[in-house]
Structures are given as C-alpha cells and as structure tokens.
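What follows is one structure encoded as structure tokens, with my remarks underneath.
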Amino acid sequence: MRRKPGRPPRVDATRDTREALLRAGLGVLTEKGFVASGLDELLRRVGVPKGSFYYYFDSKEAFGAALIERYAAYFARKLDRHFLDEALSPLARLQAFVDDACTGMARHAFRRGCLVGNLGQEIAALPEAYRESLRAVLADWEGRLAGCLEAAKEAGELAASADCARLAAYFWTGWEGAVLRAKLEGGERALRLFAEGFIATLPRR
C-alpha cells in the first residue's frame, strides 16, 4: 500500500514518531518475526493511528527494510564496542560479546532473539529484496569478527595458519542457531555451550 495523501505532520513530530515506530518494530520483530507481527499491535504500542503509518513508511515492506538497516547499524556498533576494545585481548573481546549477549537476552526473559536470524527463518515468505540485505548484514558481521580473530593471530592467541574469515563464518552460522535455541529453552545454556565449543576448538599456536 502506498502512502496516502494528506497534510504531513510537523518535521519534529514526524522524526519522533518515526523513531518510536522503529524502536517498537525492533522489539516486536525480534520477539515474533515479520510474518506474525501485525501493524495493529505495533501501532497500539506507539499510539499512532493506522492511517497515519503511511506518512512515515510507504508500506510494511519498506518498514521492514528500514528495520533491517536500523538493526544492522545498532549491532555493528555493539560488535565494534567489543571487538575493538584494546583493554582486552582479542579472544577476551569475543567472550565479552558473548557475555553481553547472554545478559541482553536475559533482560527480555529470552523472548527476543536476533532480527536477522528471525527474518532468515521466514525468508520464503518475505520480500525477495530482504534476502540480499540479510546476506549483507551477515557478511558485515563476519568481517568484523574476522578482524578480531586476525588481531588474535597477531597477538599469538591463534595459530598463524588460522583461516579467520572461515572461522568467523562458522561462528555466526552456529551463533544464530544458539540464539534460536536460547529462545526455545528460555535460558543462556545454548549460547554458552556454542561459544565455549567455538573458543575451545580454535587453532592455537
């Protein structure tokens, strides 16, 4: 559905409401996914009339694309905060990310997972354009972790032969499954189990 004609709200109100919709959307989609998330529930949370939604987004598809972009930027900042933390050794930075993820999921009683993982499970029912967007986000995460693992190699924590790009791809593939199971079980066990196994089997010097 395209945006309906009409007099737009003030610029500040538009910005504030758009931000509120994005924040609420991230909460709903990380918990329920895209297909099961209705606009009515989202709009009730924000207090926006359904007809007014289209002042801010051309369609639900456009809204979903904006949420992917917003989540990607948020998560990239999180990864940089951990993976570039020079106060810790490179592998300790990875552990710090895992600890933070466990804390974050516990804060929401393990109801919320990863937006990218949730959408990936629904990809057959989603707009095809989302597929490439999600691939790009995962590739970005792999690159950031590969950089951290390269730093571990330079610090002597990993063997010189370690294929950091391949290891990073393996981590995110397994991590998304661990997040899904943590939601299913309502606890951090799967996250800890996968992270401990990954770190324990890294090629060392």
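These numbers come from the heavy atoms of this one structure, side chains and all, not from hydrogens, waters or symmetry mates.
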Qualifying ring-ring contact (aromatic ring centres under 6.0 Å, His included) pairs with a residue from residues 22-49, counting only residues at least two apart or across chains: Phe34-Tyr130

Full working for side-chain contact (heavy atoms from CB on, under 4.5 Å) between Arg45 and Val28: CA-CA 10 Å; Arg45 289 191 182 194; Val28 172; 3.4 Å; yes

Tyr170-Trp175 aromatic ring centre distance below 6.0 Å: no

What pairs of donor and acceptor atoms, side-chain ones from residues 194-205 against any protein atom, are under 3.5 angstrom apart with sequence neighbours left out?
from: Thr201; atom 1: OG1; to: Gly197; atom 2: O; distance (Å): 2.9
from: Thr201; atom 1: OG1; to: Phe198; atom 2: O; distance (Å): 3.2
from: Arg204; atom 1: NH2; to: Ile199; atom 2: O; distance (Å): 3.1

Pair Glu86 + Arg93, salt bridge at N-O below 4.0 Å: no

Student check: side-chain heavy atoms of Val48 and Leu42 closer than 4.5 Å: no

Trp141 (side chain) donor-acceptor with Trp172 (main chain) under 3.5 angstrom: no

Cluster check Val179, Tyr74: I/L/V/M/F/W/Y, side chain < 4.5 angstrom: yes

Leu84 reachable from Phe75 in the ILVMFWY side-chain graph, under 4.5 Å edges: no

Residues Asp140, Arg144: salt bridge by 4.0 Å N-O rule: yes

Verdict with reasoning, Cys148 to Phe97, per side-chain contact (heavy atoms from CB on, under 4.5 Å): CA-CA 11 Å; Cys148 182; Phe97 162 74; over 6 Å; no

Glu19 and Arg70 ion-paired at < 4.0 Å: yes

N/O donor-acceptor pair under 3.5 Å between Asn118 side chain and Leu29 backbone: yes

Check against side-chain contact (heavy atoms from CB on, under 4.5 Å), Lys183 and Met105: CA-CA 8 Å; Lys183 284 184 65 179; Met105 288 196 72; 3.7 Å; yes

Stepwise side-chain contact (heavy atoms from CB on, under 4.5 Å) test for Glu185 and Phe110: CA-CA 8 Å; Glu185 296 179 346; Phe110 294 91; over 6 Å; no

Pair Lys153 + Glu150: basic N to acidic O under 4.0 Å: yes

Polar contact flag, side-chain donor to acceptor under 3.5 angstrom, Asp99-Gln95: yes

